[in-house]
Amino acid sequence: MEIIELVKNKKKSFCILIGLLIFFLGMLAAYGVGVYNDSDQYITMHIHREPLYPLFLAFFRAFGGEGYLTLVAVAQNILAAISIYILSEYLTKHFNLHLWEELVVIALQLMPHLITKYVSALSIFLENSVMSEALCIPLFQFFLYFLMRMIFEHKKRDVILALVLAFLLSMTRGQMMITILMWMVIVLFQMMINRKYRQLFLPIVAVIAVFGLRSLSVHVYNYAVTGYFMGNTYGQVNTLTNVIYACDEEDGSVFEEGSPERQFFDRFYAEADEITANYKYGGDSFTARVQHLEEYHDMLKFQVLEANLSAYYFGLGQIDYYEQSSMSDEMAGIMIRGLLPECFGQWLYDYMLLCIYGFVRSIAIVHPLVNWVALLLYIIAVGLALWQLYRRKHSDAAWTMGVALLFIAANVCATSLTIMCLSRYMIYGFSIFYIALFLLFREWTQNRKEIQ
């Protein structure tokens, strides 16, 4: 009987994997490779972009010739199928799920891909696109797989592999550096539960080492590509955009009259005011304010900040793009340190609005009615997790929800610091949240049956 059951399970697993491959490769056949505005920056190994995805493209370019982007898209879709399969199979085994329950878990992992294609304004099937998200999503699924194993099985191998995946994620998208910190928080929490207080320094040292390795890797990569030993640029300019949006004209007085910082601020503020890219034009309601900020963020960043910074530094002569980009980022950092204390209250208000939209977009679509549904879902998720922990003392479903909420909170708060919480930045937390919610409801109903 055990042999028969094993054969059935292997047959079921094989069918699921084949079904996922057919779905993803079918979407590639139906819609083809997607090349978008950001794609060229990855292809040309632009200084603004993290190394791993450009290197991923370069690998296929070296072997695939003119049609290498098709090979890239095939690889991305295969990776996505395998990552969903591996995580689903593990959760099925660990939680002892029935076939229909595993299919629910699989469907929830397919939803982000379908939402960005058929519901989001982007209308992009991410795994077909030449964008870092196409690699980042499968890597995130693999990260969750090793993280879940680390939490449930306490094996050193999984602890190490989860950190390796977090490092790879951070090398694919800067926002994913939060997964390194997330790994540290969970490991520290587990150590405190197990009273391993003398070892608490180990994950902290590991994280410091990984961040150091990441910085060195980025610098070496950029040196190999550009000839400059430097990190990625433009992050400070991104952050300055939302600071300038929150400023009043008198905030520029923090800089000395006639200084480059003051001249930049006066120009930034005047041009932002001219195109109404300032908080005072945002309206009075929460919805109007956050929509105004999201609408004008890129306009303010590209047409005002980047245009003026580029013109000034190129105007100095004998400066190439990489020097200009580095100098612009340095100036942006100086201005942030001067201006943020002056406009902190307004900036914080805008930041909180961006975070609210980010929390909604992590699990739903922004809409006046849906926003309240999202809030209710968060309340239910937290309530169920706490109830299960209270009743059972130990609940793997509650742990899974804890991981989902920790990631969503970190992703939203980190992304809102530099830019707005667009759906493609928030989509990573969608499936794990609903999988955890499904597991919590399943565990809760099982408990009720046991009581009865």
Side-chain angles (χ1 to χ4, degrees), residues 37-38 48 121 233-316 319 321 324-358 361 366 368 412-422 425:
N37 293 337
D38 292 346
H48 294 168
T233 59
Y234 213 60
Q236 300 273 42
V237 177
N238 261 330
T239 303
L240 180 61
T241 302
N242 286 351
V243 173
I244 293 294
Y245 180 88
C247 281
D248 292 307
E249 189 171 9
E250 58 268 23
D251 293 335
S253 62
V254 71
F255 301 122
E256 187 178 339
E257 192 70 43
S259 66
E261 294 87 352
R262 180 61 180 270
Q263 292 176 24
F264 276 126
F265 176 82
D266 290 342
R267 249 176 279 160
F268 291 163
Y269 186 85
E271 292 181 21
D273 191 61
E274 187 177 339
I275 62 173
T276 68
N278 184 270
Y279 79 91
K280 64 187 179 185
Y281 299 104
D284 298 324
S285 71
F286 150 71
T287 301
R289 175 66 63 81
V290 71
Q291 288 177 350
H292 183 267
L293 174 53
E294 290 188 340
E295 180 183 353
Y296 281 90
H297 176 93
D298 281 353
M299 197 182 301
L300 178 59
K301 177 171 62 180
F302 293 120
Q303 296 181 21
V304 178
L305 272 65
E306 185 180 19
N308 279 287
L309 288 166
S310 299
Y312 175 80
Y313 287 115
F314 281 135
L316 297 177
I319 290 177
Y321 176 79
Q324 174 272 317
S325 191
S326 179
M327 295 167 87
S328 295
D329 235 29
E330 185 179 350
M331 175 57 72
I334 294 170
M335 294 186 70
I336 290 168
R337 290 190 290 274
L339 291 170
L340 192 54
E342 302 298 312
C343 66
F344 183 76
Q346 184 58 53
W347 174 88
L348 182 62
Y349 177 71
D350 293 335
Y351 173 74
M352 291 173 66
L353 295 185
L354 290 174
C355 285
I356 291 170
Y357 259 39
R361 286 197 178 112
V366 169
V412 167
C413 294
T415 304
S416 298
L417 283 172
T418 57
I419 199 169
M420 54 221 167
C421 295
L422 299 179
Y425 304 149

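Both backbone and side-chain heavy atoms feed into the values below; hydrogens, waters and symmetry mates do not.
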Is the shortest heavy-atom distance from the side chain of [X] to the side chain of [Y] under 4.5 Å?
X	Y	value
Arg267	Val304	no
Met335	Phe268	yes
Val412	Ser416	yes
Tyr269	Asn278	yes
Ile356	Val290	no
Arg361	Tyr425	no
Tyr351	Cys413	yes
Ser259	Arg262	yes

Does atom CE of Met299 have more than 12 heavy-atom neighbours from other groups under 6.0 Å away? yes
[X] to [Y] - nearest heavy-atom pair and separation:
X	Y	value
Thr418	His297	O-CE1, 3.7 Å
Leu354	Cys421	O-SG, 3.7 Å
Phe264	Asn308	CE2-O, 3.9 Å
Tyr279	Arg289	O-NE, 3.6 Å
Ile275	Tyr296	O-CE2, 3.0 Å

Can you measure from [atom1] ([X]) to [atom2] ([Y]) and round to the nearest 0.5 angstrom?
X	Y	atom1	atom2	result
Met327	Met331	CE	CE	8.5 Å
Thr239	Ile419	OG1	CD1	9.5 Å
Ser328	Leu240	OG	CG	10.5 Å
Leu300	Thr241	CG	OG1	5.5 Å
Glu330	Gln236	CD	CD	9.5 Å
Glu306	Asn238	CD	CG	9.5 Å

Set out, in order, the CA-CA distance, both residues' side-chain angles and the distance that settles side chain to side chain contact (heavy atoms under 4.5 Å, CB included) for Thr233 and His48, then state yes or no. CA-CA 5 Å; Thr233 59; His48 294 168; 3.1 Å; yes
Criterion side chain to side chain contact (heavy atoms under 4.5 Å, CB included) on Cys247 and Trp347, from CA distance to verdict: CA-CA 8 Å; Cys247 281; Trp347 174 88; over 6 Å; no
Side-chain donor-acceptor pairs under 3.5 Å in residues 336-346, sequence neighbours left out?
residue: Arg337; atom: NH1; partner: Gly333; partner atom: O; Å: 3.4
residue: Gln346; atom: NE2; partner: Asp350; partner atom: OD1; Å: 3.3

Side-chain ([X]) to main-chain ([Y]) donor-acceptor, under 3.5 angstrom:
X	Y	result
Gln263	Gly258	yes
Tyr245	Ala272	no
His292	Thr287	no
Asp248	Glu250	no

Strictly by modelled atom types, are Ser310 and Gln324 linked by a side-chain donor-acceptor pair under 3.5 Å? yes
Carefully, step by step, assess Asp298 and Gln303 under the rule side-chain hydrogen bond (donor to acceptor under 3.5 Å, both in side chains). CA-CA 8 Å; Asp298 281 353; Gln303 296 181 21; over 6 Å; no
Tyr321 vs Tyr313, side chain to side chain contact (heavy atoms under 4.5 Å, CB included): CA-CA, chis, key distance, verdict: CA-CA 9 Å; Tyr321 176 79; Tyr313 287 115; over 6 Å; no
How far apart are the C-alpha atoms of Tyr281 and Asp273, what are their side-chain angles, what is the distance that settles it, and do they pass the side-chain hydrogen bond (donor to acceptor under 3.5 Å, both in side chains) test? CA-CA 9 Å; Tyr281 299 104; Asp273 191 61; 2.7 Å; yes
